[in-house]
Amino acid sequence: QRVEYWKEAWSILGYCSGTITPTTAPAFVSLPDMGGCPGNWSPQPYETGDRVSSKTFVFECNAWPYSMHCGQVGYEPLMDPATPGAWRDAWTIVGHCDGTIEPTGAPNFAPTNSVGACPEQWVAGSDTKYEEGDLVSVITSTTPLRTAAFKCREWPLSGFCGQFSPTSNGGNQGWIHVGSCDGTFAPTSAPAPYAARCQYNKCENDASGEEQCTLVDVDPWNSRTNYVEDDVVRLGIARFRCREWPFFLWCRQFEYSPTLASDGIWNEAWSVDEQCPRVSIVTTEVTFPYELSLDNLVVPDDPIERETLVDDLTGVITSFAIDGLTSEQTLESVAIRALRGVPVGRQRLLQVTTGGPDVEAEVIVTDRCEANCGSEEEIASELAAGVTAVLEDENVVTETFQNTGNNALSTVSVNEAIVGEIAVQTTIVNDPPSKSPTSSPSTSPTK
């Protein structure tokens, strides 16, 4: 059956006879002159207000929910005979242009739209080089130096991310512009994982209609979750809460995933929530004064041989002190301070007396904790317990001496091993505060 597409454009007025006279040519003065033409339509995601051109006319993507059709096949302005007129649901003609293809707008380099330090620059690769959510940067001008940051779209569009630079033809198939950056290139591929616990109360109605709330973790946004009202996601330590109906429908779309740009389109779907706890790096340093009373220790008269003995004693103490540490603890240093009362410094020993313990040493151990740390007293107590137990275990110390390769130490046995009064010092370094975006209230979509 023949489809009469002409009826979409023409209406029958009647019949006529005689000389055919041409109708008046289209009057472009009725539409504003938009200057240079924006890019041609292509099947990709468009947002409200995006503009394309077709046959020297300029079209603007309509407001949500009609904007969801703007990138769909069958809604290309003026061009799809299979769905005549369907493009009007998605696009509105706003003017005419002179045919010169120009970009519709440069990236916004306002400080409020900055994402901070630049991620790594884009590098061409296979269709698996970049994944959804990966960030790259592209230098858009050298004078002044301006750099834009882009985020890889969700699968399957992520397959384009390695094939097209974000600023090349076809780049918008895989990349979305998220803001400017400050030109300091910082890697984004392997950031330190967020170690603290960030949670919120997720409330749902059970089968009886009674609301039940459960404490759940706040995870980063991902495209495989069907977010609903009051769901919470995070970006670093910044938290975002999904808006009410109908806006929560956008929470599931990649284009509306939260960013740190305060004026981003994500505001239509998400509102700024409170921040997650910042991760504190707690370093606890414990210094152990250590004395050893040894049988058969021979302290040589020769200064160079004594220096060798000091080095060997340091190695022996180091070897058994390590046995008292956990994976979070580090042996920072072992220093021999004196032999039989004579200090060991940068100068060689001038004499050896019996005015003190055979060996006076200092052992420094640190414990580094990044999340859910206990109090300073708890950390120091746990660290001291393990290290002291090893340092004062005379059997362990004696066995270690006997297994050394130094003949002067292999016959040594321990009479007494004493840990003195320990000193504790704690340093706390907080993560730098995350830039907190602000969001504006949203209004219901209208066409």
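These numbers were taken from a predicted model, which means no experiment stands behind them. In what follows, residues are counted from 1 in the order of the sequence shown.
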I want to check something: taking the side chain as every heavy atom from C-beta on, are [X] and [Y] in contact at a cut-off of under 4.5 Å?
{"X": "L325", "Y": "L331", "result": "yes"}
{"X": "I364", "Y": "F288", "result": "no"}
{"X": "R239", "Y": "C198", "result": "yes"}
{"X": "R243", "Y": "W250", "result": "no"}
{"X": "R153", "Y": "W175", "result": "no"}
{"X": "W91", "Y": "Y46", "result": "yes"}
{"X": "L391", "Y": "F320", "result": "yes"}
{"X": "V228", "Y": "W245", "result": "no"}

Working to the nearest 0.5 Å, report the span between [atom1] of [X] and [atom2] of [Y].
{"X": "K55", "Y": "C37", "atom1": "NZ", "atom2": "SG", "result": "13.5 Å"}
{"X": "L383", "Y": "T284", "atom1": "CG", "atom2": "OG1", "result": "7.5 Å"}
{"X": "D273", "Y": "R234", "atom1": "CG", "atom2": "CZ", "result": "13.5 Å"}
{"X": "R337", "Y": "E360", "atom1": "CZ", "atom2": "CD", "result": "10.5 Å"}
{"X": "C97", "Y": "F59", "atom1": "SG", "atom2": "CZ", "result": "9.0 Å"}
{"X": "Y66", "Y": "C61", "atom1": "OH", "atom2": "SG", "result": "12.5 Å"}

Heavy-atom closest contact ([X] atom, [Y] atom, distance):
{"X": "Y227", "Y": "N222", "value": "OH-N, 3.0 Å"}
{"X": "F248", "Y": "C242", "value": "CB-SG, 3.3 Å"}
{"X": "E268", "Y": "Y256", "value": "CB-CE2, 4.0 Å"}
{"X": "V138", "Y": "S165", "value": "CG2-OG, 4.4 Å"}
{"X": "F150", "Y": "V178", "value": "N-CG2, 4.1 Å"}
{"X": "T147", "Y": "C118", "value": "CG2-SG, 3.7 Å"}

Ring centre gap for F240 and W270 strictly below 6.0 Å: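 Here the rings of W270 and F240 have centres that are no less than 6.0 Å from each other.
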Does E255, at its CD atom, have more than 12 non-hydrogen atoms belonging to other residues, nucleotides or ligands within less than 6.0 Å? yes
Other residues, nucleotides, ligands: >12 heavy atoms within 6.0 Å of E421 CD: no
Between T388 and Y290, does a side-chain contact (heavy atoms from CB on, under 4.5 Å) hold up when you go through it step by step? CA-CA 9 Å; T388 300; Y290 189 44; over 6 Å; no
With distance as the sole criterion, is a donor-acceptor pair present between the side chains of [X] and [Y] under 3.5 Å?
{"X": "Q199", "Y": "D217", "answer": "yes"}
{"X": "D311", "Y": "T314", "answer": "no"}
{"X": "T92", "Y": "N62", "answer": "yes"}

T366: which of Q425, E332, E285 passes side-chain hydrogen bond (donor to acceptor under 3.5 Å, both in side chains):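 With T366 as partner, side-chain hydrogen bond (donor to acceptor under 3.5 Å, both in side chains) holds for just one option, E332.
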Qualifying residue for side chain to side chain contact (heavy atoms under 4.5 Å, CB included) with V232, from V218, N201, D219, V216: V218
Given ring pair (Phe, Tyr, Trp, His ring centres under 6.0 Å), test W41 with Y75 step by step and report yes or no. CA-CA 10 Å; W41 179 92; Y75 290 87; 9.2 Å; no
Which residues share a side chain to side chain donor-acceptor pair (under 3.5 Å) with Q212, sequence neighbours left out: D206
Using the six-membered ring of Y130, assess whether NZ or CZ of K151 lies under 6.0 Å from its centre and within 45 degrees of the ring axis. no
Report the C-alpha separation of I176 and F254 in whole Å, then their side-chain angles, then the decisive distance to 0.1 Å, and conclude whether the side-chain contact (heavy atoms from CB on, under 4.5 Å) test is met. CA-CA 9 Å; I176 182 171; F254 178 80; 3.6 Å; yes
D231 bridged to K202 by N-O distance under 4.0 Å: yes
Going by an N to O cut-off under 4.0 Å, is there a salt bridge joining E60 and R51?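 Looking at E60 and R51, the cut-off is met.
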Derivation of the side-chain contact (heavy atoms from CB on, under 4.5 Å) call for C152 and E132: CA-CA 5 Å; C152 184; E132 173 188 337; 5.7 Å; no
Criterion ring pair (Phe, Tyr, Trp, His ring centres under 6.0 Å) on F164 and W122, from CA distance to verdict: CA-CA 9 Å; F164 298 100; W122 178 85; 8.9 Å; no
State whether the side chain of E392 and the backbone N or O of V419 hold a donor-acceptor pair below 3.5 Å, judged by distance alone.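 Confirmed, E392 side chain pairs with V419 backbone.
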With side-chain contact (heavy atoms from CB on, under 4.5 Å) as the test, would you mind laying out the steps for E131 and S158 before giving the verdict? CA-CA 6 Å; E131 299 177 350; S158 58; 5.9 Å; no
